[in-house]
Q: 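Right, I'll just put the structure down here and ask away after.
Computed from heavy atoms alone, side chains included, the values below leave out hydrogens, waters and symmetry copies.
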Amino acid sequence: MARSRSSPSSSRFRYCNPSYYLKRPKRLALLLIVFVSATFFVWDRQTLVREHEVEVSMLNDEVLRLQNMLEELKSKVVPDDPIEIQRREKVKEAMIHAWSSYEKYAWGNDELQPQSKNGVNSFGGLGATLIDSLDTLYIMGLDEQFQRAREWVANSLDFNKDYDASVFETTIRVVGGLLSAFDLSGDKVFLEKARDIADRLLPAWDTSTGIPYNIINLARGNPHNPGWTGGDSILADSGTEQLEFIALSQRTGDPKYQEKVEKVIVALNKTFPADGLLPIYINPDRGTGSYSTITFGAMGDSFYEYLLKVWIQGNKTSSLKIYRDMWETSMKGLLSLIRRSTPSSFAYICEKNGNSLTDKMDELACFAPGMIALGSSGYGPDEAKKFLSLAEELAWTCYNFYQSTPTKLAGENYFFNSGQDMSVGTSWNILRPETIESLFYLWRLTGNKTYQEWGWNIFQAFEKNSRIESGYVGLKDVNSGVKDNMMQSFFLAETLKYLYLLFSPPTVISLDEWVFNTEAHPIRIVNHNDADFAKSEGQHKPVARLRVRKMTSQRL
C-alpha cells in the first residue's frame, strides 16, 4: 500500500512543534542562540532609547531652567530712564529733520547742501546719504522712511557709472550700508546690490602683493592710485575693507571676497614692525611702507580699528588670531605715542615722522578711546584695566576738544604746546562722529552715565550751531561759528546713530551680537568661515528696536 505524504500545511508547522527540536539538538542550539541574540539586541535598543529619553528630559529641564533665569533677568532689568527716553527721542527727531531735508532737496544724490537746498554727487551718484542712512532709519523704527529708501535701492540704484570711485569710501559707505541693511531686515535686495558693487571693486586687489589700488572706475574696472601719493596705496584705504568683504563671503557663500582682502593682512604681516605702527603710504608692489607719517588720525586710523573688529566679527575664533596679535602689537606702539599736556595732563596720541614726534592729534583719532575700550577685555585683568584707564583718559581729552571752543564743537585737529594744553589747528567742524562713538563704547562697557552727559552736551552744541531749516551743516570755524554748506552722509550714518544708541538700552544692537564697521554700520557677528550662515540667508533673529511714543517737540 502506498505511503501517504504529509500535507504542505503540516510540513510548514512542524517547526513550531517542540518535539521537532528535541529530536534535532543542533537546531535547538541554533534556535537558542538566535533567541538570546535577539533578546540582547532588543534589550540594548531599549536601553539606548531610555538613555536618550533621560538625556532629552535633562536637556528640556535645562532649557526650562534657562528660560526661567531669562525671565527673572528680564524682570530685574532697570526700567528705561525717562531722561534717556526724552534724549533718545530728541536725537530721533534730529534724524527725521536731517532725513526729511535730504528727501526734499537731494533725493537720490550723494549729499545735501542745506544752505543752497540742492544735492551734490560727491561719490559718483551712488546715493551715499540714502544708503548710509538705511540702518539708522531701521534701528530708530522709521519704517515708512526705510521703505521709501528700500524702493529707491531696488529700482534706481545703478553702479554702472563711468566714475573713478574710492575703494575705501565705497566699501565702508555703500557695501557696509547695504550689508547692514540686509543683516537687520533680511531683505535680499540689499545683499544683491552689495554683491554687485563689490564685484566692481574686486579688480583693485589685482596687484603683485594683493595690497589694493585705492581708486577704480566702476564701469571699466581699471584701478590706480591717486597721483599725490606718488603711486603708493594709503594704509587706511587698503586695510579697511576686511570686515565688509569677509561678511559678504559669509552671506553669499562665495569665498572670493574674503580671499582678496585677507591677502592684504598676510602681506602686511610679513614685514610688520615690532611696534605695530605702519606709515600711511604702502607700496602695493613691494608690500612695504614708504617714508611717511605714522598716525592714528587721517589715513591711518581705521587700519588699526579693523585688526580688532575683524577678530570680533569672526567671533574671536582661533583662525583670526593673526588679527588680534597684530592689533595688540599696534597697541604697544600706540603706548609709545602717548603724551600728556601741561598744565592739565590731557592724554593725547602723537604723530610720528621717522624718530621725531609731533604733538598733534586729529579729531579723527578720537575713535581710539572706543577701540581701546572695546579691545581691553581680550587682555588679562591687569592689562585690561590699564588699557581701559587709558581709553577713559583719551575720551576726556576728546570731550575737551569740544568744550575748549566758543561753539562747544571740536575742530579738525589740535596741537599741544608746553604750558598751553590744547589749541585748535584746523578749525572747521564737519559733523564728525568719532568722539561720540567712543562715548558710546565707554558707556556700554562701563555703565558710567557721565559719558551720556558728555554726549548730550555735544548733541546740544550741534543743535545750536549746525541745525538750520533745511538740514544740518558743518562749521567753517568753530571759534566764530560761521556755517558751511554741506550735510555729510556720515552725520546720519554715524553721529546721530551713536547718539541714539548712547541713550538706548544695551540690548539695542548688542555688542555681543553686532560689530560696527568704521562708518557705524552694524554687521552681525558670525563664526569665521561659517558656511552655515550662507545657507540660512534671510533667517534672521529679530533685531531689538524701540517703539516709544514720540515726545513733544519742545526743546529740553
Side-chain angles (χ1 to χ4, degrees), residues 277 293-301 304 331 333-353 355-373 386-443 446 448-462 464-466 474-482 495 498:
L277 301 178
T293 303
I294 289 171
T295 178
F296 279 79
M299 297 191 285
D301 47 9
Y304 304 101
M331 290 306 97
L334 180 143
L335 292 176
S336 72
L337 302 180
I338 298 295
R339 297 290 183 272
R340 288 172 174 79
S341 71
T342 56
S344 301
S345 195
F346 288 116
Y348 60 96
I349 308 171
C350 292
E351 294 183 350
K352 187 176 183 180
N353 283 277
N355 293 319
S356 63
L357 298 180
T358 303
D359 295 303
K360 169 182 171 286
M361 181 174 170
D362 288 352
E363 198 280 337
L364 279 166
C366 284
F367 86 96
M371 175 192 69
I372 295 167
K386 179 181 76 174
F387 277 102
L388 184 59
S389 177
L390 175 62
E392 293 179 315
E393 281 193 84
L394 291 170
W396 172 239
T397 300
C398 291
Y399 176 61
N400 276 277
F401 285 173
Y402 285 79
Q403 294 302 297
S404 64
T405 71
T407 58
K408 305 301 181 187
L409 290 177
E412 184 74 355
N413 51 55
Y414 283 77
F415 288 90
F416 295 83
N417 300 310
S418 181
Q420 296 180 8
D421 279 329
M422 62 180 69
S423 59
V424 177
T426 304
S427 61
W428 68 61
N429 179 291
I430 58 172
L431 309 171
R432 288 201 188 277
E434 284 74 23
T435 296
I436 299 165
E437 173 185 352
S438 286
L439 298 181
F440 159 73
Y441 279 114
L442 283 164
W443 172 70
T446 69
N448 188 341
K449 288 182 174 290
T450 297
Y451 300 116
Q452 290 181 308
E453 295 303 318
W454 294 357
W456 180 246
N457 291 340
I458 293 172
F459 174 70
Q460 288 183 302
F462 279 128
K464 180 178 179 180
N465 295 281
S466 295
L475 301 183
K476 294 180 180 179
D477 187 337
V478 294
N479 295 309
S480 67
V482 175
T495 308
Y498 280 131

Q: Indicate whether any N or O donor in one side chain lies under 3.5 Å from an N or O acceptor in the other, for Glu412 and Thr426.
A: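 Distance-only check fails for Glu412 and Thr426.
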Q: Side chains of Tyr414 and Asp362 only: does a donor on one sit below 3.5 Å from an acceptor on the other?
A: no
Q: Kindly give the heavy-atom pair with the smallest separation between Leu475 and Gly481, and that separation in Å.
A: CD2-O, 3.6 Å
Q: Could you pull out all residues at least two apart from Thr495 that satisfy side-chain contact (heavy atoms from CB on, under 4.5 Å)?
A: Pro433, Ile436, Phe462, Phe491, Leu499
Q: Closest heavy-atom contact between Leu442 and Ala373?
A: CD2-CB, 3.7 Å
Q: For Ser344, which residues count as a side-chain contact (heavy atoms from CB on, under 4.5 Å) partner, sequence neighbours excluded?
A: Phe346, Asp421
Q: Measuring from atom OG1 of Thr295 to atom CG of Asp301, what distance do you get when rounded to the nearest 0.5 angstrom?
A: 7.5 Å
Q: Does any N or O in the side chain of Thr446 come within less than 3.5 Å of the main-chain N or O of Asn448, such that one atom is a donor and the other an acceptor?
A: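 Checked: pair present.
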Q: So with a 6.0 Å cut-off around NZ of Lys408, is the heavy-atom count from everything else above 12?
A: yes
Q: Taking all atoms of both residues into account, what is the closest heavy-atom pair of Ser427 and Asn479, and its distance?
A: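 Closest approach of Ser427 to Asn479, heavy atoms only: CB-ND2, 4.3 Å.
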Q: Keeping the roles fixed (side chain from Asn465, backbone from Thr407), state whether a donor-acceptor pair exists under 3.5 Å.
A: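 Yes; at least one donor-acceptor contact below 3.5 Å.
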Q: Determine whether a donor-acceptor pair (N or O, by modelled atom type, separation under 3.5 Å) exists between the side chain of Ser438 and the backbone of Gly370.
A: yes
Q: Report the C-alpha separation of Phe296 and Leu364 in whole Å, then their side-chain angles, then the decisive distance to 0.1 Å, and conclude whether the side-chain contact (heavy atoms from CB on, under 4.5 Å) test is met.
A: CA-CA 8 Å; Phe296 279 79; Leu364 279 166; over 6 Å; no
Q: Measure the CD1-OH distance between Ile372 and Tyr441 for me, rounded to the nearest 0.5 Å.
A: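 Ile372 atom CD1 to Tyr441 atom OH measures 13.0 Å (nearest 0.5 Å).
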Q: Roughly how far apart are Glu392 CD and Tyr451 OH, rounded to 0.5 Å?
A: 3.5 Å
Q: Indicate the atoms forming the closest heavy-atom contact of Thr342 with Gly419, along with that distance.
A: OG1-N, 2.7 Å
Q: When rounded to the nearest 0.5 angstrom, what is the spacing between CG in Asn457 and OH in Tyr402?
A: 12.0 Å
Q: When you measure from the side chain of Ser404 to the backbone N and O of Asn400, does any donor-acceptor pair fall under 3.5 Å?
A: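 Side chain of Ser404 to backbone of Asn400, a donor-acceptor pair under 3.5 Å: yes, one is there.
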Q: Phe416 vs Phe401 aromatic rings, parallel, tilted or perpendicular, using cut-offs 30° and 60°?
A: tilted
Q: Do Asp359 and Tyr348 pair up side chain to side chain, a donor and an acceptor below 3.5 Å, judged on atom types alone?
A: yes
Q: If you compare all heavy atoms of Leu277 against all heavy atoms of Leu334, which two are closest, and at what distance to 0.1 Å?
A: CD2-N, 4.0 Å
Q: Using the rule given for side-chain contact (heavy atoms from CB on, under 4.5 Å), can you reason through Lys360 versus Phe415, listing the C-alpha separation, both sets of side-chain angles and the distance that settles it, and then say yes or no?
A: CA-CA 4 Å; Lys360 169 182 171 286; Phe415 288 90; 3.6 Å; yes
Q: Residues two or more places apart in sequence or in another chain: which of them pass side-chain contact (heavy atoms from CB on, under 4.5 Å) with Leu357?
A: Leu337, Arg339, Cys350, Lys352
Q: For the pair Asn429 (side chain) and Gly411 (backbone), establish whether a donor and an acceptor sit closer than 3.5 Å, ignoring hydrogens and angles.
A: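 No; judged by distance alone, with no hydrogens or angles, the pair does not exist.
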Q: Would you say the side-chain atoms of Ser336 pair up with the backbone N or O of Gly333, donor to acceptor, closer than 3.5 Å?
A: yes
Q: Please check: side-chain N/O of Ser345 versus main-chain N/O of Arg340, any donor-acceptor pairing under 3.5 Å?
A: no
Q: After noting the C-alpha distance and the side-chain angles of Ile349 and Ile338, does the key distance pass the side-chain contact (heavy atoms from CB on, under 4.5 Å) rule?
A: CA-CA 5 Å; Ile349 308 171; Ile338 298 295; 3.8 Å; yes
Q: Within this structure, what is the CG-NZ distance for the pair Leu409 and Lys464, rounded to the nearest 0.5 Å?
A: 10.0 Å
Q: Run the side chain to side chain donor-acceptor pair (under 3.5 Å) check on Tyr399 and Glu453 step by step: do they pass?
A: CA-CA 11 Å; Tyr399 176 61; Glu453 295 303 318; over 6 Å; no
Q: Under the side-chain contact (heavy atoms from CB on, under 4.5 Å) rule, what do Glu363 and Thr435 come out as? Steps first, then yes or no, please.
A: CA-CA 7 Å; Glu363 198 280 337; Thr435 296; 2.9 Å; yes
Q: Do Pro369 and Glu437 have side-chain heavy atoms sitting under 4.5 Å apart?
A: no
Q: So, taking the atom named CE in Met331 and the one named OH in Tyr304, what distance separates them when rounded to the nearest 0.5 Å?
A: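 Answer for the CE-OH pair, Met331 versus Tyr304, is 8.0 Å.
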